[in-house]
Amino acid sequence: MTLTREAPLVTTAVVRRKPRRGDGWVTAIMVAPATVLYIVMLIVPVGLALYLSLTDWDGFSADPAFVGAANYVNLLDDPELRRAALVTLLVAAAGTAGLNLLGLGFALLVNGASRANTFFRIVLFYPHVLSALVVGFLWSAILGTTGAVNNLVTTWGGEVLPFLSDPTWATITMIAVLVWAGFGVNVVLYLAGLQAVPHSLIEAARIDGATRLQVFRNVTLPALGPSVTVNIVLSLVTLLKTYDLVVSLTAGGPAGQTQTVAYLILWNSFHDARLGFGSAQSVLLMLVTAALAFVVTRLRRRGELAVHQ
């Protein structure tokens, strides 16, 4: 008869430390700096904007005159705001599409570890490092009526191209410059998403005979769902509040045809000394931006769930 010894059963117990009396104070102290910064930099300005939107204030007088909802009523009858809203929505829609298409396309091209890819990633991201004001002045010097491009065109006997002097051309030019200046961020975010795609799924699809397009459509793109959602929302929010590039590129011209809502807010608030009316416009822009971001996020989440089911 052979005697065998059974291995003892080893159990692992999770020991939870009971909270001590001073833990709450430690947590509060650690969170306090971020909380104070959040309140000072976000809550207070938003609250101040809400208050000023109910007043008629020029920014200089000591006591703002309370007018209630008059500023919001005037917004409905403001043709300049309606025109700026259409321009802003056009810029946001076309710019978001351009940023994400170019961002995803170049991310696929420079994906992979190599010195050449590293170099091109830096080159693609570099325009985003520049200030939007600098980018606007740069492209104004290139595409303006007396800019570098038109000087070459006229030298060769052609006519001046109205990049910034025709309303349609100026709007298209502004959108193109915005996409050029910002798609490097989308490239970086899509590269992070591509690196998270399981390589085993791609290899399995290739073994099954799938083409590159089929692999991208059926494997890569569904796995990039969260990255697509983040990129779309970030691009949309950023473009809805565009003002700095408008200042340096077109100054809202020609004849106010490229004014965005954010640019109009600054113009009404500081140039026309109507800070109360400008605050009402900013509150409206904030609400519309939040609503659009929420709707887009929900729609994208539903799309992601439908793909994985």
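Computed from a prediction, not measured in an experiment: that's the story for all the values here. In what follows, every heavy atom counts, from backbone to side chain, and hydrogens, waters and symmetry copies are set aside.
- Hydrophobic clustering, with ILVMFWY side chains joined whenever heavy atoms are under 4.5 angstrom apart, keeps Leu264 apart from Leu86.
- Atom CZ of Arg82 sits in a crowded spot, with more than 12 heavy atoms from other residues, nucleotides or ligands closer than 6.0 Å.
- Here Ala293 pairs with Val233, Val237 under the side chain to side chain contact (heavy atoms under 4.5 Å, CB included) rule; sequence neighbours left out.
- Within the structure, ring-ring contact (aromatic ring centres under 6.0 Å, His included) contacts touching residues 41-89 (residues at least two apart or in different chains) do not occur.
- By the rule that hydrophobic residues join a cluster once side-chain heavy atoms approach within less than 4.5 Å of another member, Leu109 and Val179 end up as members of one cluster.
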Could you walk me through whether Asn74 and Asp78 satisfy the side chain to side chain contact (heavy atoms under 4.5 Å, CB included) test, starting with their C-alpha distance in whole Å, then the side-chain angles of each, then the deciding distance to 0.1 Å, before giving a yes or no?
CA-CA 6 Å; Asn74 293 334; Asp78 188 0; over 6 Å; no
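- Within the 3.5 Å criterion, the main-chain N or O of Val67 finds no donor-acceptor partner in the side chain of Asp56.
- By the 30° and 60° cut-offs, the orientation of the rings of Trp180 relative to Trp139 is perpendicular.
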For side chain to side chain contact (heavy atoms under 4.5 Å, CB included), just list the numbers for Leu104 and Phe216, CA-CA rounded to whole Å, side-chain angles, deciding distance to a tenth of an Å, and then say yes or no.
CA-CA 11 Å; Leu104 180 56; Phe216 172 75; 3.9 Å; yes
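- For Asp208, the CG atom sits in a packed shell: over 12 heavy atoms of surrounding residues, nucleotides or ligands are nearer than 6.0 Å.
- Contacts classified as salt bridge (charged side-chain N to carboxylate O under 4.0 Å, His left out) and involving residues 186-203 (residues at least two apart or in different chains) are given here: Glu203-Arg206.
- When hydrophobic residues (I, L, V, M, F, W, Y) are linked wherever their side-chain heavy atoms come within less than 4.5 Å, the members clustered with Val188 are Phe125, Val129, Val185, Leu189, Val230, Leu234.
- For the 3.5 Å distance criterion, the side chains of Tyr190 and Asn111 fail to qualify, holding no donor opposite an acceptor.
- Taking 4.5 Å as the limit, some side-chain heavy atom of Thr88 sits within range of a side-chain heavy atom of Leu240.
- Clustering of Ile, Leu, Val, Met, Phe, Trp and Tyr side chains at separations under 4.5 Å places Met41 together with Val36, Leu37, Val40.
- In the hydrophobic cluster analysis, where Ile, Leu, Val, Met, Phe, Trp and Tyr join through side-chain heavy atoms closer than 4.5 angstrom, Ile122 is grouped apart from Phe120.
- Among residue pairs with one or both ends in residues 98-123, none qualify as salt bridge (charged side-chain N to carboxylate O under 4.0 Å, His left out); sequence neighbours excluded.
- Between the side chain of Thr260 and the backbone N or O of Thr242 there is at least one donor-acceptor pair closer than 3.5 Å.
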